[in-house]
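Because the structure is a prediction, the values reported are computed rather than measured. Ligands are counted one by one from 1 in listed order, and the atoms in each one are counted from 1 as well.
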Amino acid sequence: MRKIYVFDTTLRDGEQSPGVNLNTREKVEIALQLEKLKIDRMEAGFPAASPGDLAAVNAVARAVKDVTVIGLSRSRESDIDAVREALQGAQDPCIHVFLATSPIHRKFKLRMEKQQVLETAQASIRYAKKYFSKVEFSLEDAGRTELDFMAEVVGMAVREGANVVNIPDTVGYLNPSEYGAIFKYLKENVPDIEKVQLSAHCHNDLGMATANTLAAILNGADQIEGTINGIGERAGNTAIEEIAMALETRSEFFGAKTGLVLTEIARTSRLVSKLTGMVVPGNKAIVGANAFAHESGIHQDGMLKEKTTYEIMTPESIGLKESKLVLGKHSGRHAFREKLLDLGYELSEEQVNDAFAKFKVLADKKKEVSDEDLLALLEEKLIDTPEVFKLETIFVAYGNESTPTARVRIATVDQTIEEEAEGNGSVDAIYNAIDKVTGEEVTLADYSIKSVTHGKDAQGEVHVVLSQNDVAAQGRGLSTDILEASARAYVDAVNVLIEKRKTFSRRERATL
Ligand code: KIV
Ligand code: ZN
């Protein structure tokens, strides 16, 4: 079996999804989970983009041990220097330098002739090579680049000692036979091409990212790039879980495999969805809620007789477990701990106590606490942001012919404050009341709600993004009541915002 290297860019291209804004703590949490999934390489961010990005890449670089950590850089020395700074402390650092090569990008974006593109790329690979033993070079918009010019640039990258050369279909324009043919062409026409690994990087604008990436593998790509749940710019990137499961399920066809621990897929997907606030559609391949659900009578009958009639892979293979233990309000700590182990969570005594207390509160509201409920509770927060404001109670008065009013009680370190406000809806009234308590001037940039479980007593998870000047913060709230979940998410985001502001001002002071 040929090994296909997996380059994860959830923290860079994935974070470029509209509305997604991960803070350093969240990036590290995802990075540690990606390490458990055993991806080979992870792109942690674009250090030159902002001091926050640089700090986050550095935190990831120091946190993970068994994965190559990569920083993105345009073809300029100052960007390369930012990656050098960001990757200090990394066990296995790598720089990813890119330059656009297509006629459209050359003419309108770079305003460069072919020769200038070639020279600029060459100079930056040379500069990067002085400081990094591992260099990846990407020809941005390779998908719309003339084949002979592409071969010229790739040949130059090979001679300059790049270790990986990436061929992005930046705008998701190609179809599988065209994209596969590029790899074949480069293999046949670039001298010494075997000295580098060729990488596939696809976007999903026409829904062909997975098919294109698989075509690249069939034509000799050594590495694939993608994100968890396929998040990313516009329609997103190739979904890593789809490639891994396609290679696993059809190994006899592809003759290639990734080294991923496939049973970590479900958990990684849930974590990325939770921290980015990007809900996974029910019908999403591999990780959608319905990916292993069978609704029609004919299918259910087949499944009962022989699972392989309608299932080409098992839910267990991606880490979904069918658990026999049902928890409710009478369940004790022992059963609770057993269930956690069953779900793959080995927690410290303190974490178990914390989770058990939350579980008891939930079990009082719900007859049966499902695995999904528990997972949502467990994944709610592993590391807490300091709670400058702590929501104690909310009261909402709503009638379809009157103005909604909300009263909130919020505790701070030294006092408890109560405020009341009106709004053009119940959630708006709650948020206005919270604003009065916190005194923070914030803009609600995004609000989304999803049901974590099924039924009338399902838990709702609300995700909000708040912004204040240049700082954006995400918050999450979980409750069987959506108004309470909305209030919790908002207060959580305000706390994150305050924490982020502190970090920024500490850093600004340090650089003065
Ligand atoms: O899609 C793209 O071209 C990219 C490059 C930066 C590699 O993400
Ligand atoms: Zn991309």
Side-chain angles (χ1 to χ4, degrees), residues 5-18 20 39 41-49 53 57 68-76 79-80 82-83 86 94-106 108-110 117 120-121 124-125 128 134-145 149-150 153-154 157 162-174 178-179 182-183 186 196-210 212-213 216 221-240 242-243 276 278:
Y5 290 85
V6 176
F7 174 123
D8 178 282
T9 183
T10 306
L11 300 177
R12 199 277 299 170
D13 227 343
E15 211 221 4
Q16 287 174 214
S17 311
V20 174
I39 56 147
R41 297 155 189 173
M42 77 169 74
E43 187 164 55
F46 181 17
D53 247 49
V57 174
T68 304
V69 181
I70 300 165
L72 181 69
S73 161
R74 284 166 297 187
S75 286
R76 43 177 94 162
D79 274 29
I80 297 171
V83 176
C94 170
I95 187 165
H96 177 191
V97 184
F98 74 96
L99 186 64
T101 51
S102 67
I104 296 181
H105 281 236
R106 291 196 311 258
F108 298 107
K109 192 178 86 173
L110 301 175
V117 167
T120 309
S124 48
I125 299 175
K134 290 189 179 168
V135 174
E136 168 165 332
F137 180 74
S138 281
L139 295 79
E140 193 191 8
D141 204 18
R144 292 187 297 173
T145 300
F149 183 55
M150 194 188 315
V153 179
V154 174
N163 307 77
V164 180
V165 176
N166 183 31
I167 309 296
D169 181 16
T170 304
V171 288
Y173 179 69
L174 298 180
E178 288 170 318
Y179 192 59
I182 293 180
F183 285 77
L186 293 175
V196 296
Q197 290 193 341
L198 278 184
S199 181
H201 177 117
C202 298
H203 282 264
N204 206 26
D205 300 67
L206 293 173
M208 287 193 281
T210 297
N212 284 349
T213 303
D222 307 282
Q223 171 178 285
I224 64 104
E225 305 192 3
T227 59
I228 300 298
N229 300 337
I231 64 171
E233 288 270 6
R234 309 181 308 278
N237 289 59
T238 304
I240 285 179
E242 293 178 13
I243 299 298
T276 58
M278 292 198 69

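Protein atoms of type N, O or S found under 2.8 Å from the Zn ion (ligand 2) total 3.
Here E140 pairs with K109 in a salt bridge; the nearest charged N to carboxylate O distance falls below 4.0 Å.
Every protein residue with a heavy atom nearer than 4.0 Å to ligand 1 is included here: R12, D13, H96, F98, S138, E140, N166, P168, T170, H201, H203.
One N or O on the side chain of D79 and one on the backbone of R74 form a donor-acceptor pair closer than 3.5 Å. The main-chain N or O of I231 is never found under 3.5 Å from a side-chain atom of N229 such that the two would form a donor-acceptor pair. At distances below 3.5 Å, at least one donor-acceptor pair connects side-chain atoms of S102 with backbone N or O atoms of H105. The backbone N or O of N237 lies less than 3.5 Å from no partner atom in the side chain of D13, so there is not a single donor-acceptor pair.
The side-chain heavy atoms of E233 and E15, taken from C-beta on, include no pair separated by under 4.5 Å.
T227 and T10 form no side-chain donor-acceptor contact under 3.5 Å, judged by distance and modelled atom types alone.
Separation of the H96 and F7 ring centroids falls under the 6.0 Å cut-off.
Across V153, V196, I95, N163, a single residue satisfies side-chain contact (heavy atoms from CB on, under 4.5 Å) together with F137, and that is V153.
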